[in-house]
Amino acid sequence: MDKRSLVARFAYELMRNDPSFLIYSAQSVRGDFSPYMHQQLLLWRLSVINPVKVLIGDEIGLGKTIEGILTIHRLRERGAKRFLVLVPKILKEQWLEELRKFFPETEVFSLKRENLEIYCRHDAPEGVYVVSIDTAKKDRNSRLIRRVKWDAIIVDEAHNLGSDSQRDKFVRSLEVEHKIFLSATPHRGDSKRYLRLLKHLDDNIDVDYKFDSPSFYIKTHNSILHRRTKNLVNKIEGMKVFTDCRVFAVVTEATEIEKAFGNNITDFLASILKKREEYSPIGLLVAILRKRVSSSPRAAMNTLERIIQPSEGARAVKETVIEKILGESYEDLSEALEEFDANEVDEVYEAVIEKYKDLLTPGEINRLSEFMEMVKRIEREKDSKLEALKDILNVHIAKGEKVIVFTEYKDTLKYLAEKLAEYDPVTVYGGLGEDKLRRRFEEFLTEKNVLIATDVASEGLNLQVANVIVNYEPPWTPIKLEQRMGRVWRIKQKKDVYVYNLFLGIRADIELAEILYKKMMCISEALSDVKNIIGEDIQLATTRTIESTEEMIDTFTLPTSIKYRNKVGRLSEYHLIKAQLEGELDEFVEAIMNRIRELKVELSRKRVYPLENHEVVKQIGERLGLVSKGENEKLIAEAVGYALRRELPAHLKPQTSLRDLERVGRDIPEYIMVIGEGDEVDYIGVAEVDFGSHKLRIPLVYSSRDVLLGAKALKYVLDVVRKGIVPDEVFTEETLMPSEYAVKNRLEDKLQLLIRPFRDYGMNVEIKNIKLNILTKVLKLSGETLQSSKNYASLVGHTAEKFAENYERCRGFEVENRQTLRMYDLYSFNPSEAHKPEGMRESERYIEVKGHGKGGLDFLDLPEDEFEFGKKMGEKYWLYIVWNVLEGKPVLVGFKNPLNRKDLLEFKVKEKEIVIKKRVYEIRFKVD
């Protein structure tokens, strides 16, 4: 038995069972995740309940996807077999990629319209199935999906539920035990919708005043709603987990022709809108034109040509698809593309133009044709926004940074790729195909500095390799801006992030920059010396450095609809564009900001969201043994390295050692003794905690003073094995076992802060029973040596020998006192070998006994002849040391063949007067 095997076994138990370390065994060799404290705490919280029905409402970028996957892993251990993950189409590839880092390829299924009939059957294989929620909700598809007995569903972007939509009805129709909802913006200013969302998790919730109240919302905190912010995570980790993000609103100087084109076409679009009825569908066409003509000269040209030139017609498109294309978030865009079965938004816009261009009068079409020549001149002569983009690229590429240029449109992407050929950019867009997309992105990762991407294509790619974003068309809604920022500004980003939003120096763009970005999103600090910092083509720039998107605009409090001028407007691109063309943008944004202020007051008054104090989180973490991500990584690597006698190389991950840890940890010592640490027994083990509905295995260290969990327990184990000595045998006159009642009370006390929110909510969470499986007992023996007379020493020696004789008799052995031989103290053997002569008995022992009245570090001086005798007798020679001979409860520890074990003892030769001067060996234990 080797004490390293204890470290191996304990590390293995932690990686398989402890929520703080579970991530290491959950992921495959492709994974490279380590747990942050907020993720460790969430998994601990969810470990004490069954079934799991929760809404994880963390701020964007905090790793909700990984938290959802770890919860799946936890539920699998409880027997759940089939998981349905419902996501917006735009996030599907990202989920599949992350899931494959945790589960074998054979257990992760991508559901599509074409394969639902194959996979969705009563005997569906066990595994995780990912499907776009908008594919799943359709009548035929939903019927097929409901044929499977799902154990759990995970719904990403769950704020899209809570209405009377087809999505909501589909999710509500699924009968499952576990529900995990994920959303960075669960409450969107509509309390009834929020309560209907929560009703998915608890059918007892009603949409009335009783539930729309502080008394109810407080009960949801850390029970069915879990929410953390970037600021909180930075504080509990004790470092800046999230780098700073500097957001810019950059207005480029426009040429005279650009000003003429931009100002005139905006005025013309406004005039079209003014001549029509309030709800005329031509408003959708005008909004698309406003966006397209300000994207790039190429996009403007393609759009104008499609309106002016006769065409053979296009696919029919529903108004609902158009509204989603001009919605508030990229999930809306994704849903529209799926509904229209398109790869990129360009295809939908072409269909919209064909659908509504006949609503334009011949005079209006002629006027649009006059703009064509202006657009061609801009592309031939100078595109100022393009030149500003080049300036930004030059600044950051010179620093060795990678840049992502986002555009909504494929034609603008191709235009930029052509005009930026000198930068050798990589381009990704919808319809490329998965293999080609991956190859191109790998090229950006390893060789190139510039990626030009549409939102549709870039979802699912790990973009944290870049730290600079350029929004070639600035997003019109705060949520779209936040989502773009969240692509690179998230966990694992090592550098400060820069986000540039490019505007052209024309009236409409300047107004957008001033009202939407400066006023509403508070990007208002003037950037001095802008021409030297960014480039000569910049007219003006404002900036803001933030640690959390909440500082810029709190998307948690963004309303879904706003009343102004006796109208009701949605916070969507369409309504913002329409407000600008009608000259009401400032008023509309003011109404939005007023509503945000009202909502903040309302949400604060009602206590809708938890206000987790980082000190409280740290207090809970202290009880559970949680440590920062960096310390967690270092600790598990240290444990693995110690257990396997090798340093864990940087390229190897802890999960690669799991099988080795299991193998090495099979033969663990029953006892380890530590001298100089008091006088008690600690227990290293695994508690099986029975909650009635499920069981939980918790590796721990139990002592008379405390129960240590997680990292604290692992630190203790590493400390003990370095200081400790493994005896071959231990004898006490008492049974060394802790009281199960005491263990249960101590552990309940540790878990109380986790359990209490669930009990307060009304859940029956109770520890029914705890069984402690002890791996190793730690004998902590006093190092205090009692000063005594020769008589006292003689009494100690005599009593120790009697205790050792008693041990031998308890073993059923014959024992003889042979002190008179002055070579050793006791001789023992099994009576069944009495017929054999001494020296031929396999069971015989030659025993040297050493006693301590209480404790002591120096334990033995052996004269040279006795030392040589002990070495010669080898396996038959035993050293018994008895602690607490006259103080407390005696403990005997026995060592076989101690004088030939270089791993156990160290020797020092000295002269000592025993009647005459003799050479003696001073013997001490060897510790790491």
Side-chain angles (χ1 to χ4, degrees), residues 19 22-23 26 33 35 38-60 62-88 91-92 94-96 98-99 102-103 107-108 111 127-133 136 145 148-162 167-168 170-186 194 196-203 205 220-228 331 610 693-694 754 757-758 761 763 765:
L22 183 70
I23 197 167
F33 301 100
H38 74 284
Q39 295 172 325
Q40 299 173 41
L41 180 54
L42 176 68
L43 209 58
W44 262 109
R45 290 192 194 281
L46 302 189
S47 293
V48 303
I49 57 168
N50 195 60
V52 175
K53 294 185 178 182
V54 293
L55 168 58
I56 302 172
D58 292 347
E59 186 179 337
I60 194 167
L62 284 178
K64 291 186 293 296
T65 302
I66 300 305
E67 291 165 354
I69 292 172
L70 286 173
T71 306
I72 291 174
H73 186 87
R74 202 60 157 161
L75 293 177
R76 268 172 47 120
E77 293 176 346
R78 296 187 196 173
K81 296 175 180 177
R82 295 172 187 84
F83 301 84
L84 180 66
V85 182
L86 299 166
V87 301
L91 297 177
K92 186 179 176 187
Q94 178 185 338
W95 267 93
L96 289 168
E98 300 296 5
L99 281 164
F102 286 84
F103 300 97
E107 293 182 11
V108 179
L111 293 181
V128 186
Y129 295 74
V130 185
V131 64
S132 158
I133 192 168
I145 289 170
V148 181
K149 187 183 183 307
W150 303 106
D151 296 299
I153 58 169
I154 295 86
V155 183
D156 201 0
E157 304 300 341
H159 53 264
N160 292 318
L161 303 179
R167 284 176 178 171
D168 194 272
F170 165 65
V171 173
R172 203 171 292 283
S173 72
L174 296 170
E175 295 182 7
V176 293
E177 185 178 9
H178 308 285
K179 296 180 181 180
I180 299 99
F181 289 180
L182 312 175
S183 171
T185 55
Y194 179 61
R196 283 195 293 266
L197 170 62
L198 295 182
K199 190 174 175 66
H200 280 275
L201 307 174
D202 179 1
D203 201 46
I205 294 173
T220 67
H221 301 169
N222 300 318
S223 55
I224 62 173
L225 171 67
H226 302 262
R227 173 183 180 259
R228 285 73 55 87
E331 283 79 34
S693 60
H694 69 291
L754 298 178
F758 298 106
Y761 186 79
M763 299 183 194
V765 181

So, do [X] and [Y] sit near enough that their side-chain heavy atoms are less than 4.5 Å apart?
X    : Y    : result
V131 : L86  : yes
L42  : R228 : yes
Y194 : L225 : yes
L111 : L84  : yes

[atom1]-[atom2] distance between [X] and [Y], expressed to the nearest 0.5 angstrom:
X    : Y    : atom1 : atom2 : answer
L161 : K199 : CG    : NZ    : 14.5 Å
F181 : H159 : CZ    : NE2   : 13.0 Å
T220 : D202 : OG1   : CG    : 11.0 Å
I66  : L43  : CD1   : CG    : 12.0 Å
H178 : I154 : NE2   : CD1   : 10.0 Å
L62  : E67  : CG    : CD    : 7.5 Å

Minimum-distance pair of heavy atoms, taken over all atoms of [X] and [Y]:
X    : Y    : value
G162 : R196 : O-NE, 2.5 Å
S183 : A158 : CB-N, 3.9 Å
H73  : A26  : CE1-CA, 3.5 Å
A136 : I145 : CB-CD1, 3.4 Å
S223 : P757 : CB-O, 3.7 Å

Is R167 salt-bridged to E157, going by a charged N under 4.0 Å from an acidic O?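 Not counted as a salt bridge, because no side-chain N and carboxylate O are separated by less than 4.0 Å.
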
Please verify the inter-ring angle class for F102 with F33; under 30° counts as parallel, over 60° as perpendicular, anything in between as tilted.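 F102 and F33: parallel rings.
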
As a test of understanding, state which of L75, V52, N50, I153 forms a side chain to side chain contact (heavy atoms under 4.5 Å, CB included) with E177.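 It is N50; the other options fail the test.
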
Single hit among L46, I69, L22 for side chain to side chain contact (heavy atoms under 4.5 Å, CB included) with R74: L22

Criterion side-chain contact (heavy atoms from CB on, under 4.5 Å) on L754 and V765, from CA distance to verdict: CA-CA 10 Å; L754 298 178; V765 181; over 6 Å; no

With side-chain contact (heavy atoms from CB on, under 4.5 Å) as the test, would you mind laying out the steps for I180 and I56 before giving the verdict? CA-CA 7 Å; I180 299 99; I56 302 172; 4.1 Å; yes

Just to verify, which of W150, F83, F103, W95 counts as forming a ring pair (Phe, Tyr, Trp, His ring centres under 6.0 Å) with Y129?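 Output: one option passes, namely W150.
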
Quick check: does any side chain N or O of K179 sit under 3.5 Å from a backbone N or O of L201, one acting as donor and the other as acceptor? no

Start with the C-alpha gap between D58 and H38, add the side-chain angles, then the distance that decides, and say whether side-chain contact (heavy atoms from CB on, under 4.5 Å) holds. CA-CA 10 Å; D58 292 347; H38 74 284; 4.1 Å; yes

Show the numbers, then the answer: is there a side-chain contact (heavy atoms from CB on, under 4.5 Å) between M763 and K53? CA-CA 11 Å; M763 299 183 194; K53 294 185 178 182; over 6 Å; no

